[in-house]
Trainee: 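Please see the structure below; I have some questions.
We number each residue from 1, following the sequence as shown. Only heavy atoms go into these numbers, but all of them, side chains included; no hydrogens, no water, no symmetry mates. Keep in mind that this is a model prediction, so the values were computed, not measured.
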Amino acid sequence: MTATAPTIVFDLDGTLVDTHPDLIGTLSWLMEDEGLDGIDFAEAKTLIGHGMKPMVEKALRLKGRGQTQEEVEAVFARYIGVYETRLTRESRPFPGMIEALDRLAGQGMVLAVCTNKVERLARKLLEELDMARRFAVIAGADTYPVRKPDPGHILMTVRDAGGDPVRAVMVGDSDPDIRAAQAAGVPVIAYAGGYTSVPLDSLGPDVIIDHYDDLPAVVERLLSVAHRTEV
């Protein structure tokens with residue numbers, strides 16, 4: 001029997017792509033357009049990771065607004081309209097990421113995306129950066145009934161990529177990624193250059209890496225450990 005190809009699942013914002021300049025650039029512009037103070041980088045790190053609507057809602061609350069769902073929805077709709085026009089104005093893959101993806105694919109691994117970004121925007125962003133073709137599945141916040149940190153988000157992504165959770169690895173940068181992977185029983189690699197507001201070592205990922213040059217070797221080691229445990 002042929003073994004199922006390993007599935008390597010990636011978060012998007014803060015993991016695959018440094019989207020901070022456009023995510024927060026749009027958000028800061030919007031806050032100022034609403035008559036509020038803009039968002040700085042320190043504030044932004046506490047906002048990214050749980051999805052775009054929670055990010056806008058948290059930003060409004062930081063500024064003393066967003067007390068009604070109607071206001072949140074209205075401001076969020078404005079945010080999406082502007083953000084979609086500048087998805088990749090400044091956003092770029094993190095250093096070493098493209099090379100790491102190509103090496104993993106060259107080793108026969110299936111690549112997938114599991115992000116709390118709306119699927120349509122995640123797909124469009126990756127297409128504009130010529131990255132979408134590398135992934136068997138691009139699963140967003142609205143692709144399934146659940147999203148990270150619910151483990152089902154990762155498990156359904158692996159399933160739709162034709163994989164098996166016992167031969168999968170998650171790569172992320174923040175709390176929702178790590179908690180979802182741990183709950184799914186999938187080894188998780190944390191990228192230290194992302195957007196976490198919580199110290200990564202306190203979250204207990206299997207490995208923390210500083211650069212994607214190290215990713216293929218770390219993935220291979222984790223898969224090897226998982227295989228020995230399975231046997």
Side-chain angles (χ1 to χ4, degrees), residues 7-27 39-55 58-59 83 87-88 90-101 104 111-119 121-122 125-126 129 131 134-135 137-141 147-151 153-154 157-158 168-184 186-219 221-222:
T7 307
I8 315 305
V9 182
F10 292 85
D11 174 49
L12 176 51
D13 299 298
T15 301
L16 279 171
V17 181
D18 184 6
T19 54
H20 173 271
D22 294 313
L23 276 172
I24 302 305
T26 303
L27 186 61
I39 301 289
D40 61 28
F41 182 74
E43 288 178 315
K45 289 186 70 174
T46 71
L47 304 177
I48 300 174
H50 289 271
M52 299 173 73
K53 187 179 291 184
M55 179 184 71
K58 288 178 187 176
Y83 177 59
L87 280 171
T88 56
E90 298 180 69
S91 298
R92 297 293 181 270
F94 282 102
M97 173 52 77
I98 297 298
E99 294 81 1
L101 293 175
L104 292 170
L111 310 179
V113 175
C114 180
T115 174
N116 280 345
K117 202 182 206 76
V118 174
E119 181 185 333
L121 294 181
L125 186 152
L126 290 169
L129 293 175
M131 296 175 70
R134 291 178 162 85
F135 301 103
V137 171
I138 298 174
R147 67 181 186 185
K148 298 176 296 183
D150 191 299
H153 200 177
I154 293 176
T157 300
V158 172
V169 174
M170 177 72 195
V171 184
D173 72 304
S174 62
D175 178 72
D177 309 317
I178 295 169
R179 285 199 288 141
Q182 290 168 338
V186 172
V188 57
I189 299 167
Y191 175 53
Y195 306 149
T196 183
S197 60
V198 180
L200 287 174
D201 55 4
S202 72
L203 298 173
D206 293 271
V207 181
I208 300 173
I209 60 173
D210 295 312
H211 197 284
Y212 284 117
D213 287 349
D214 303 322
L215 183 62
V218 173
V219 165
R221 175 160 58 86
L222 288 176

Trainee: Are any of the side-chain heavy atoms of Asn116 and His153 separated by less than 4.5 Å?
Mentor: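 Yes, side chains in contact.
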Trainee: Which atom names give the shortest non-hydrogen contact between Val158 and Ala168, and what distance separates them?
Mentor: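 Smallest interatomic distance, heavy atoms only, reads CG2-CB, 4.1 Å.
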Trainee: Do Leu23 and Leu27 come within less than 4.5 Å of each other through their side chains, counting heavy atoms only?
Mentor: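 The answer is no; the side chains never approach within 4.5 Å.
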Trainee: Evaluate the criterion side-chain contact (heavy atoms from CB on, under 4.5 Å) for residue pair Asp11 and Met170; output intermediate values, then yes/no.
Mentor: CA-CA 8 Å; Asp11 174 49; Met170 177 72 195; 4.0 Å; yes
Trainee: Can you find a pair of side-chain heavy atoms, one from Thr157 and one from Thr7, that are under 4.5 Å apart?
Mentor: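 When only atoms from C-beta onward are counted, Thr7 and Thr157 do not touch, as no gap falls below 4.5 Å.
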Trainee: Phe135 vs Phe10 aromatic rings, parallel, tilted or perpendicular, using cut-offs 30° and 60°?
Mentor: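 Aromatic pair Phe135/Phe10 classed perpendicular.
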Trainee: Would you sort out whether Arg134 and Ile98 count as a side-chain contact (heavy atoms from CB on, under 4.5 Å), showing the intermediate values?
Mentor: CA-CA 10 Å; Arg134 291 178 162 85; Ile98 297 298; 3.5 Å; yes
Trainee: Give me the ring orientation class for Tyr195 and His20: parallel if the planes are under 30° apart, tilted from 30 to 60°, perpendicular past 60°.
Mentor: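 Geometry flag for His20 against Tyr195: tilted rings.
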Trainee: Look at the side chain of Asp177 and the backbone N and O of Ser174, then say whether any donor-acceptor pair between them is shorter than 3.5 Å.
Mentor: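 Side chain of Asp177 to backbone of Ser174: a pair is present.
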Trainee: I'd like to know if the side chain of Asp206 and the backbone of Val188 have a donor-acceptor N/O pair within less than 3.5 Å.
Mentor: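 Here the side-chain-to-backbone pair exists.
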Trainee: Quick check: do Thr196 and Asp175 have side-chain heavy atoms less than 4.5 Å from each other?
Mentor: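 Not in contact.
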Trainee: Indicate yes or no: at least one non-hydrogen side-chain atom of Thr15 is less than 4.5 angstrom from one of Tyr212.
Mentor: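 Yes, at least one pair of side-chain atoms sits under 4.5 Å.
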Trainee: side-chain contact (heavy atoms from CB on, under 4.5 Å), that's the test. Do Glu99 and Asp213 meet it? Break it down for me.
Mentor: CA-CA 8 Å; Glu99 294 81 1; Asp213 287 349; 5.8 Å; no
Trainee: Closer than 3.5 angstrom, by distance alone: can the side chain of Asp22 be matched with the main-chain N or O of Ser91 as a donor-acceptor pair?
Mentor: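 The answer is yes, because a donor-acceptor pair under 3.5 Å joins these two groups.
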Trainee: Could you check whether any side-chain heavy atom of Leu12 comes within less than 4.5 Å of a side-chain heavy atom of Ile138, counting everything from C-beta outward?
Mentor: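 SC-SC contact between Leu12 and Ile138 ruled out.
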Trainee: Do the side chains of Met131 and Leu125 get nearer than 4.5 Å, heavy atoms only?
Mentor: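 Counting from C-beta outward, Leu125 and Met131 never come under 4.5 Å.
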Trainee: Can you tell me if Lys148 uses its side chain to pair, donor with acceptor, with the backbone of Cys114 under 3.5 Å?
Mentor: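 Yes; judged by distance alone, with no hydrogens or angles, the pair exists.
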Trainee: Does Glu90 reach the main-chain N or O of Gly25 with its side chain, forming a donor-acceptor pair under 3.5 Å?
Mentor: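 Here the side-chain-to-backbone pair does not exist.
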Trainee: Distance check, rounded to the nearest 0.5 Å: Leu203 atom CG versus Ile178 atom CD1?
Mentor: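 Separation between the atoms: 4.5 Å.
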Trainee: Check whether any side-chain heavy atom of Arg92 sits under 4.5 Å from a side-chain heavy atom of Asp18, and report yes or no.
Mentor: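 Of all side-chain heavy-atom pairs linking Asp18 with Arg92, none is under 4.5 Å.
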